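Data first, discussion second: the structure below is written as structure tokens.
Ligands are counted one by one from 1 in listed order, and the atoms in each one are counted from 1 as well. Note that this is a predicted model, so its numbers are computed, not measured. Because only heavy atoms are used, hydrogens play no part in the values below, and waters and symmetry mates are left out as well, while side chains stay in. Residue numbers run from 1 in the order of the sequence given.
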Amino acid sequence: MKTRSKIMLVLLSTTVLFICILLVAQNFNKRQYRYLIDGYRYQQEISSNAILNLQSQKIQQTAYDYTYWDDMVNFVKKPVKIWGDDNVKTILSSFKVNVALVYNLDLKPVYEAYDDSNSDENSFEIKKAIFDSLYKKHFINYFISSPSGLIEISGATVHATNDVDRKTPPQGYFFLAKFWDKEKINELETVTGCKVSYHEASNNFKINIPPNVIQTEIVLKNWQGVPTYHVQFSKKYSLLKVVNNLNYFQIIFIAVMAVIILSIFYLTSIRWISYPLQLVSESLTSNNKISLFRLQRLKSEFRQIGYLIENVNNQKKLLEEEINERKLAVEKLGSRELQLSASLEAADQGIWDWNLETGSIFFDDTWKNLHSFNDNFLKTSFETWEQYINPDDIVIFKQKLNDHLTDTKHLLDVEYRTHSGEKQQKWINCKGRVITFSENGKPVRMIGTVQDVSKRKAFENELEEAKKKAEESDILKSAFLANMSHEIRTPMNGILGFTQILKEPDITKKEQMEYLAIIENSGNLLLNLINDIVDISKIEAGLINVIPSQQSLDDLLDHIYNFFKENTRIKERQIQFTLEKPENNPMQFIRTDKTRFTQIFTNLIGNAIKFTNAGSITFGYTYNNGTLIFFVKDTGEGIATDKQQIIFERFMQAESKGSRLHEGTGLGLAISKAFVELLGGKIWVESQEGKGSTFYFSHPYTERIEENEPVPINIRPAFQFDWSMKTILVVEDVESNYMLIKIILRNTHATLLWAKNGKEAVDAVKLNPAIDIVIMDLRMPVMNGYEATRIIKQMRKDLPVIAQTAYSLDTDKNKSKEAGCDDYITKPINSNEMLMKIQNFFTK
Ligand code: ADP
């Protein structure tokens, strides 16, 4: 139902209510009016009755009083006029009656007295029946009518004075009459305050009485007691008129007011409610701008509503825009989610989603794959998770989780190993964060990713190892340099010192020999050192060749034994030096490189002597299943277990740094190991600290083959090339190096040009278009090899450049390639390699 209709309904019901109230009020007023009239009437009746009675009683009392009187009895019997005049006629004036009549028992008038008002019109006659009735009753009071009006007559029988109660028979009759003349009516009107009128009872006339007049009636009876006359008392009450008028006006007033109020209400409701409401509804439903404008111009609260509607409309618009944006965002999010899941899949990342309130965790398929998760769990929780983590990593995991939960600003980032039974263990990187909090800030939901980082971990471990090694070799390098310095200075001191002394003139022959021996010894030490360094360099450069040949095992070992037998230290310390061969000595020959084999034993026995102060040194071999096991056993200081492996690495020594008791460079065992391996065997040690050491090396054994003299492997260039038509530019600042290259290339008959730095090389290429290839050193004064190569390549793009790089320096190789070098050879130069590489470019 529309508001307007509602208002109309309210108006209608209000009108009905008004009418009802009006009716009730009118009814109430009528009742009030009637009560008022009844009250007045009752009062008027009582007072008029009382007044009439009073006046009537006065006549009756007079008639009564004059009729028990002996004189009256006598007067009836013997009427004397004077007595009558004195006593009866005076009643008329004394008691204001109009007629007084005295009758004897014969019903004859004895005395009659009339006042001045008496006329024919009001003469009356007393019937015999009245006398009869009076004789019986002794008293009578009644009304008759005459042409001039009503007459009240009171009669009484005459008795003796002593017969107050009139028990004796009546002696005569006495009547008093009062005319209801004008005077009487005036008196009555004066006393009652009413207008008085009378009419016969049979005369049933009715007059319209005005509403403010109250009329009461008193019935007057004839001699037989029959109501014969009505006396009417009418009185005007102005209050009644007022009340009546008021009543009337009130109703009209209320009705008019009601109409006015309802009309006002109707009109105002249209203007103040219906119209604004209509505007509101139009502005709201059809977004009518004119209605809204009108609404905002109203001078009531609806204006506020108008602004509110405008606000609402604006917000609605914004909201719609926002909803559209959201829709777009949701669509985007959908595609983002797809992208995300695709990229997570591509990155092989798994997802977990943990509800901290319920404790349940969701794991996606990638997560399950990474953790070799079996799907037997109905509900997955943190405890489930724990089962898939390596127990050693749980503590750190929980700690990091706890750290994140107490300070959620920092991401949870933890790595752990999986715990997946027989499956291969993986390293997992787990990242996550709390994304939902409760109202009081408690973490509610956490999500995150997991990723297999096993490869990275392995790489990190390798890196760590490499770093450790690099640090170690750095330490070693320093130790080596310190050693080297010591190892070189000691014999050099000897050589230089004693050479100086030898210069002195007064030196004896014996002293001369002694000093020369020291110088020789020192020289030998230096030579050994240089040999070791050269050997290790060669080993590292891959330049060591073994030349196996048939050797007599006995001869080899005997030679070594004899060499050391005379060693001064052995003699000094009285060390028992023994060669141990298996019984029957079945192995007569061995196919080995004599020099390297001897070198291995020399190193091992040399060390044994160095580290043994007393006891014995035994060396020899055993035979086992096709393999010869050689050994050197001593009762020296022994080697700690943790050092037994590393001593075979170059520059490694078992003693702690800074407390060196023995000379040495830490190269001997490394060289020996390389030689043993080149010969096809292995080397190892068994040792106990303080008790001694036994070094073993295995050597393959082959039955003796009848053969001619062993053919030595030719270390000279194996290739013969004819490059007589070629020109080679060698760029090298060090002359000896150039000389070496010259020797290597000598047999090829190539034309060699020598440039001593990069600049000279650039000039040479500029001047000599005949140059076929360039051998380029990289580190040179004036202009280095890189720059020279770059310029040369700009001039002659196709001219091959082979760089000479320091061995093992990868940076040199890479940089040389960047500069434009076509190939590289490493220093120290391997002649075959160099020849092959040059030939490669010539045949291209
Ligand atoms: P060095 O020139 O220092 O002797 P080596 O490579 O020959 O170099 O030996 C390496 C280290 O091995 C020695 O410095 C020493 O600590 C330990 N070593 C080698 N042989 C023995 C041995 N027979 N007894 C005790 N320690 C030995």
Test your reading of the model: is there a side-chain donor-acceptor pair from Asn521 to the backbone of Ala517, 3.5 Å cut-off? no

For ligand 1, the portion of Leu667 having any non-hydrogen atom under 4.0 Å away: backbone

Tell me whether Gln839 at atom CD has more than 12 heavy atoms from other residues, nucleotides or ligands lying less than 6.0 Å away. yes

What I want to find out is whether Lys581 reaches Asp554 closely enough, with some N-O distance under 4.0 Å, to be called a salt bridge. yes

Going by the atom numbers of ligand 1, which of them fall below 4.0 Å from some non-hydrogen atom of Ile639? 25 (C), 26 (N), 27 (C)

Should the pair Lys756-Glu732 be classified as a salt bridge under the 4.0 Å nitrogen-to-oxygen rule? no

If you count the non-hydrogen atoms of other residues, nucleotides and ligands that lie under 6.0 Å from NZ in Lys793, is the total more than 12? yes

Inspect the contact between Arg456 and Glu415 and indicate whether a charged nitrogen and a carboxylate oxygen are less than 4.0 angstrom apart. yes

Looking at Lys457, I want to see if its NZ is surrounded by more than 12 non-hydrogen atoms of other residues, nucleotides or ligands under 6.0 Å. yes

Between Phe648 and ligand 1, find which residue part has any heavy-atom pair under 4.0 Å and reply side chain, backbone, both or neither. neither

If we set the cut-off at 4.0 Å for heavy atoms, which region of Lys643 has an atom near ligand 1: side chain, backbone, both, or neither? neither

A student checking ligand 1 against Phe695 at a 4.0 Å heavy-atom cut-off should list atoms 19 (C), 20 (N), 21 (C), 22 (C), 23 (N)

Short list, please: which atoms of ligand 1 are under 4.0 Å from a heavy atom of Leu669? 5 (P), 6 (O), 7 (O), 9 (O), 10 (C), 12 (O), 19 (C)

Any carboxylate oxygen within less than 4.0 angstrom of a Lys/Arg side-chain nitrogen, looking at Glu465 and Lys469? no

Numbering as shown, the atoms of ligand 1 that approach Ile647 to under 4.0 Å (heavy-atom distance): 11 (C), 12 (O)

For ligand 1, which atoms sit closer than 4.0 Å to a heavy atom of Ala608? 23 (N)

Check if Gly636 has a non-hydrogen atom at a distance under 4.0 Å from any atom of ligand 1. no

Only heavy atoms count here, so choose which of Asp634, Ile609, Asn607 is nearest to atom 23 (N) of ligand 1. Asp634

What are the atoms of ligand 1, with element, lying closer than 4.0 Å to any heavy atom of Lys610? 1 (P), 2 (O), 4 (O)

